[in-house]
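The next block holds one structure in the form of structure tokens; read it before the comments.
Every chain is numbered from 1, with letters handed out A, B, ... down the list of sequences.
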Amino acid sequence: MKILRYAIQHIIRKPFQSLSVVLILSVTFLIAQLFVVVSVGTTKVLEFFEQQPQVMIFFKDETLEDQILQIKAELEKSPEISDVTYISKAQAVEIYKDRSARLFPDKPELLEFVTADMLPASLGVSALSVNKLYDVSAQFEGNQFVESVIFQEDLVVELTRFTSALRIGGAVLISVLLFTVVVLMAIVVSNNIKSFSSEIEVMRLVGAGSWYIRLPFIIDGILFAVIATTLSTIGLYMLIPTVEAFSMNFIAAVDLISNHMEFVLYTGGATVLFGSVFTIITNYLATWNAMRT
Amino acid sequence: MITYDHITKVYGRGGVTALDDVCLDIKEKDFVVLIGPSGAGKTTLLKLLIKEDSPSSGSIIFKDEDIVKISKRNVPQLRRNIGMIFQDFKLLQRQTVEENVGFALEVTGSQKKEIAEVVPFLLEKVGLLHRLKAFPHELSTGEQQRVAIARALAHEPEVLLADEPTGNLDRKNSEQIVELLQQINDWGTTVMMATHDDLVIKKLKGRKVEMENGKIVGDT
């Protein structure tokens, strides 16, 4: 309890210094947590597209259902084709209405004017290899019955590249911020040790152990980490709906985070753990360095 | 009890020789006064005993152990056996007299109940029980030094080191402090005191070790 009291004294004696550390730590942790959200989200998006039929063939309005089903049967004969899914015009309308009602419940006008004539029938083709998909895509480009062919592999490749770049960029940004935190905390610890130099001198003279002297400065770091992660986790909880709403504009079909509270609690808990370990190590090294001089 | 065996201390490369092959034996319950001008090596001799610094060569035997060789981890335990007071008192200005003395017990793990019993006992010994709640800036210099002495006695040390304890005191307070130190010695504590104050030296009974330029030049 005495050691905790000393740690709290360090924080109270220099309130602006303590505030600056908490703010920078909070921002760093919040960015790290948002990075986790983005990573989870992009992974889910990638998985979604990887599970979708990888070539979509959209047929012209005048193409008869029998003709489409014949094409389907031909494709299914190939051993390299793993699945062919037929979506009729009526089914396409139902899918559209269902998604619109779910995503835009306050815009019923989106459903009013949509009829089966407006949406094309389609075949979704999945294959065992990318090369086969290239063949299928090439086979139906320009076909007399086909309106358009969408090859989702391109999309998946681009998305993978984008996700990798995002993760690398995020990791670099967070590393820079963490390094800033390390430097800042070293300065803070050094200042605190100078500020308490008379107490430390007396402690050494009367036979206090080195851990008794160092521990309050290390506990400072834990207190900062706990306060900062609490603030960042509250910020995360408030920002998640905004992030989700933003992503809906692009990937409405993917539910990024199914249970907000659970996600926030797990992320917050992991951040507290990481933050505490990080600040313990940082402050231990800073204290060791400051006290040996 | 304490043996300085061929102790030499040189600061810097080819720099100042603070102690030059010093040999000194101190028995239990001795009152040893180190006298000499500034720079004679008196303070260095005291600092080496509490491992505030290390000698360039030689050994220091304290209670059958060569403290030159003890590890950093064991230094706090050594210092609990040796009390020390200074010319500038080294009191914590933001704490009361009671808290200053109790601090020495607090940092070594004593319980509140024990501290509450020991602190008044120590302050009574130094004649300051009535000033328990005062802050250092409210005390005279003599009273501040007595608080420092009470704190130094908190762990019942076998040795009390005093580095120019009367340096900031007037004659009357100096005499009182010297009397108190002699009283502490009478209670059984070995005392080593460094001073260049002639008036104090004249008043003191006990062994006088004279130092000059890092050497012992007299021992009476």
Task: Nearest heavy-atom neighbours spanning Gly209(A) and Pro76(B) - done: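 For Gly209(A) and Pro76(B), the tightest heavy-atom pair comes out as CA-CG, 3.9 Å.
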
Task: Atom of Lys90(B), atom of Leu205(A) and distance for their closest heavy-atom approach - done: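 Closest heavy-atom pair between Lys90(B) and Leu205(A): CD-CD1, 3.8 Å.
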
TODO: In sequence, state the C-alpha distance, the side-chain angles, and the governing distance for Asn100(B) and Val202(A), and then conclude on side chain to side chain contact (heavy atoms under 4.5 Å, CB included).
DONE: CA-CA 10 Å; Asn100(B) 263 282; Val202(A) 171; over 6 Å; no

Open item on the list: Would you say that more than 12 heavy atoms from the other residues, nucleotides or ligands in this model lie under 6.0 Å from the CD of Gln183(B), or not?
Closed with: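 More than 12 within 6.0 Å, yes.
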
TODO: Can you establish whether the number of heavy atoms outside Phe35(A) located under 6.0 Å from its atom CZ is more than 12?
DONE: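 Result for CZ/Phe35(A): enclosed.
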
TODO: Output the option from Arg204(A), Glu201(A), Met203(A), Arg13(A) having the highest count of non-hydrogen pairs under 4.5 Å with chain B.
DONE: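 Counting heavy-atom pairs under 4.5 Å, the top option is Arg13(A).
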
Task: Gln9(A) vs Arg94(B), side chain to side chain contact (heavy atoms under 4.5 Å, CB included): CA-CA, chis, key distance, verdict - done: CA-CA 12 Å; Gln9(A) 270 178 359; Arg94(B) 282 184 269 243; over 6 Å; no

TODO: Quick one: which residue pairs count as a side-chain hydrogen bond (donor to acceptor under 3.5 Å, both in side chains) with a foot in residues 211-228 of chain A, not counting sequence neighbours?
DONE: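 Every pair satisfying side-chain hydrogen bond (donor to acceptor under 3.5 Å, both in side chains) with a residue in residues 211-228 of chain A: Tyr6(A)-Tyr212(A), His10(A)-Asp220(A).
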
TODO: Name the option with the most non-hydrogen atom pairs under 4.5 Å to chain A; the candidates are Gln93(B), His155(B), Arg151(B).
DONE: Arg151(B)

Open item on the list: Using heavy-atom distances under 4.5 Å, tell me whether Glu199(A) contacts chain B through its side chain, its backbone, both, or neither.
Closed with: both

- [ ] Tell me, for Glu106(B) versus chain A, whether the close heavy atoms (under 4.5 Å) come from the side chain, the backbone, both or neither.
- [x]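 Both parts, backbone and side chain.
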
Residues 129-138 of chain B, side-chain donor-acceptor partners within the protein, below 3.5 Å, at least two apart:
residue	atom	partner	partner atom	Å
Arg131(B)	NH2	Glu138(B)	O	2.7
Lys133(B)	NZ	Glu98(B)	OE1	2.6
Glu138(B)	OE1	Phe135(B)	N	2.9

